[in-house]
Trainee: 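First the structure, which I've put down as structure tokens, then a few questions once you've had a look.
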Amino acid sequence: MQATIKIGTRSSPLALWQTNHVVSKLKDLFPQLNCQVITIKTTGDKILDQSLSKIGSKGLFTREIEEQLYDGRIDLAVHSLKDMPTELPTGLEIAAIPLREDPGDVLICRSLTDIAGNPGNMGTIANNAIQALMSFEPGSEIMTGSLRRQCQILALRPDLRTKEVRGNIGTRLQKYQDSGASGIILAAAGLKRLGIYNDNCLSLPPREFLPACGQGALAIEIRRNDNKIGSIVKLLNHRPTELRVLAERSFLATMGGGCQVPMGAFAWLESDILHIRAMSGELNGQNVKYAQCSGPDSEAAQLGREVALIIKEGRK
């Protein structure tokens with residue numbers, strides 16, 4: 001085993017938490033392992049004044065990291081899986097997908113009493129973010145940096161307004177606090193990993209308000225055929241998570257979409273049966289199509305393709 005493993009990551013607080021989490025898991029297995037974390041700024045980190053959909057390029061949060069991985073300047077990379085294109089650069093591979101964190105989104109509101117109408121409604125709303133969305137006054141503004149979220153918000157409530165917000169989690173929360181918006185939607189995983197998930201975070205059920213493909217999962221990327229590094233990091237792979245995200249990413253690949261098209265998917269396991277529910281729609285919340293498939297978990301990729309074809313071909 002080599003003396004030091006160089007691990008590439010973005011420099012945001014969440015990316016560093018995720019990478020240090022992987023380091024901790026590796027050192028649990030190999031206490032003598034020496035890991036050096038190297039932060040790398042990506043295109044998505046540099047361009048903060050434009051919508052991701054308008055930048056129009058895949059790998060906005062991974063390309064520069066993958067270049068250093070391919071060149072041998074780092075030995076492995078830790079990514080948020082939802083940031084990774086479905087087609088990886090030649091010579092690279094995902095070696096492990098650890099246990100997934102909460103895959104869903106959360107709605108954060110300034111005050112539950114603002115939307116409950118009366119104290120008797122607060123218990124219901126506190127346990128149902130969909131109900132909270134339905135309870136906002138017409139014209140209320142919800143902040144989000146995701147076309148997928150915007151589409152689903154407007155599909156539920158076409159009389160609401162959405163406002164784009166970019167930046168890391170802390171930046172987005174500060175922009176929300178400084179705004180007049182009624183709410184903001186963020187990924188639950190990031191809030192939980194950073195320890196800032198609290199009673200103001202209302203969970204959006206992932207089977208109803210579909211998350212991004214792979215949301216909540218991490219991906220450990222290495223050079224293909226690097227058996228030494230591969231033998232180490234593959235011990236962190238969590239097979240149930242791998243199967244679920246395989247189906248979701250297969251859906252995404254078949255749809256041919258990226259951050260320019262509103263779409264989402266969520267897969268879950270019941271024993272050895274895998275279920276996947278997916279959606280695609282328009283930015284204004286119109287023409288939203290849903291589909292669901294179930295089958296043996298050994299057919300995860302096929303189920304992802306099938307649910308995409310149902311949506312693309314308009315099949316029942």
Trainee: So do the side chains of Arg148 and Asp105 get within less than 4.5 Å of each other, counting heavy atoms only?
Mentor: yes
Trainee: Please determine whether residues Leu210 and Ile130 belong to a single hydrophobic cluster, defined as Ile, Leu, Val, Met, Phe, Trp and Tyr linked transitively by side-chain heavy-atom distances below 4.5 Å.
Mentor: no
Trainee: Does the side chain of Ile108 come within less than 4.5 Å of Leu191's, by heavy atoms?
Mentor: yes
Trainee: Can you tell me if Lys192 has over 12 outside heavy atoms packed within less than 6.0 Å of its NZ?
Mentor: yes
Trainee: Please list all pairs meeting ring-ring contact (aromatic ring centres under 6.0 Å, His included) that have one or both residues in residues 264-311, counting only residues at least two apart or in different chains.
Mentor: Phe266-Trp268, Trp268-His275
Trainee: Taking all heavy atoms of Ile97 and all of Ile94, pick out the closest pair and write down the distance.
Mentor: CG1-CG2, 3.8 Å
Trainee: Could you walk me through whether Arg10 and Asp83 pass the side-chain contact (heavy atoms from CB on, under 4.5 Å) test, one step at a time?
Mentor: CA-CA 11 Å; Arg10 295 168 60 200; Asp83 291 336; 3.5 Å; yes
Trainee: Quick one: does Glu101's side chain have a donor or acceptor within less than 3.5 Å of a partner on Gly216's backbone?
Mentor: no
Trainee: Decide yes or no on side-chain contact (heavy atoms from CB on, under 4.5 Å) for Ile142 and Phe136, but give the supporting numbers first.
Mentor: CA-CA 10 Å; Ile142 309 298; Phe136 281 121; 3.7 Å; yes
Trainee: Indicate the atoms forming the closest heavy-atom contact of Glu248 with Ala267, along with that distance.
Mentor: OE2-N, 2.9 Å
Trainee: Report the C-alpha separation of Glu66 and Leu88 in whole Å, then their side-chain angles, then the decisive distance to 0.1 Å, and conclude whether the side-chain contact (heavy atoms from CB on, under 4.5 Å) test is met.
Mentor: CA-CA 9 Å; Glu66 290 175 327; Leu88 301 184; 4.3 Å; yes
Trainee: Do the side chains of Pro138 and Arg157 get nearer than 4.5 Å, heavy atoms only?
Mentor: yes
Trainee: Is any side-chain heavy atom of Leu26 less than 4.5 Å from a side-chain heavy atom of Ile232?
Mentor: yes
Trainee: Under 3.5 Å, side chain of Ser179 to main-chain N/O of Tyr176, donor-acceptor pair present?
Mentor: yes
Trainee: Once side chain to side chain contact (heavy atoms under 4.5 Å, CB included) is applied, do any residues pair with Cys293, and if so which ones, sequence neighbours excluded?
Mentor: Ile276, Leu303, Glu306, Val307, Ile310
Trainee: Only one of Lys6, Lys228, Arg223 clears salt bridge (charged side-chain N to carboxylate O under 4.0 Å, His left out) with Asp75; which?
Mentor: Arg223
Trainee: Heavy-atom distance under 4.5 Å between the side chains of Lys25 and Leu99, does that happen here?
Mentor: no
Trainee: To the nearest 0.5 Å, how far apart are CG in Leu14 and OG1 in Thr19?
Mentor: 9.0 Å
Trainee: Counting C-beta onward and ignoring hydrogens, is there a side-chain heavy-atom pair between Met255 and Leu252 closer than 4.5 Å?
Mentor: no
Trainee: Can a donor-acceptor pair be found between the side chains of Gln18 and Thr9 at a distance below 3.5 Å?
Mentor: no
Trainee: Heavy-atom distance under 4.5 Å between the side chains of Thr42 and Arg63, does that happen here?
Mentor: no
Trainee: Evaluate Arg100 against His238 for side-chain contact (heavy atoms from CB on, under 4.5 Å), listing each step before the verdict.
Mentor: CA-CA 8 Å; Arg100 191 179 203 175; His238 184 250; over 6 Å; no
Trainee: Check whether Val288 and Ile311 end up in the same hydrophobic cluster, where Ile, Leu, Val, Met, Phe, Trp and Tyr are linked by side-chain heavy atoms less than 4.5 Å apart.
Mentor: no
Trainee: Any donor and acceptor pair, going by atom type alone, linking the side chain of Lys27 with main-chain N or O of Cys35 inside 3.5 Å?
Mentor: no
Trainee: Quick one, Leu218 and Leu236 - any side-chain contact, counting heavy atoms below 4.5 Å?
Mentor: no
Trainee: Would a single hydrophobic cluster contain both Val245 and Ile273, if residues Ile, Leu, Val, Met, Phe, Trp and Tyr are joined by side-chain heavy-atom contacts under 4.5 Å?
Mentor: no
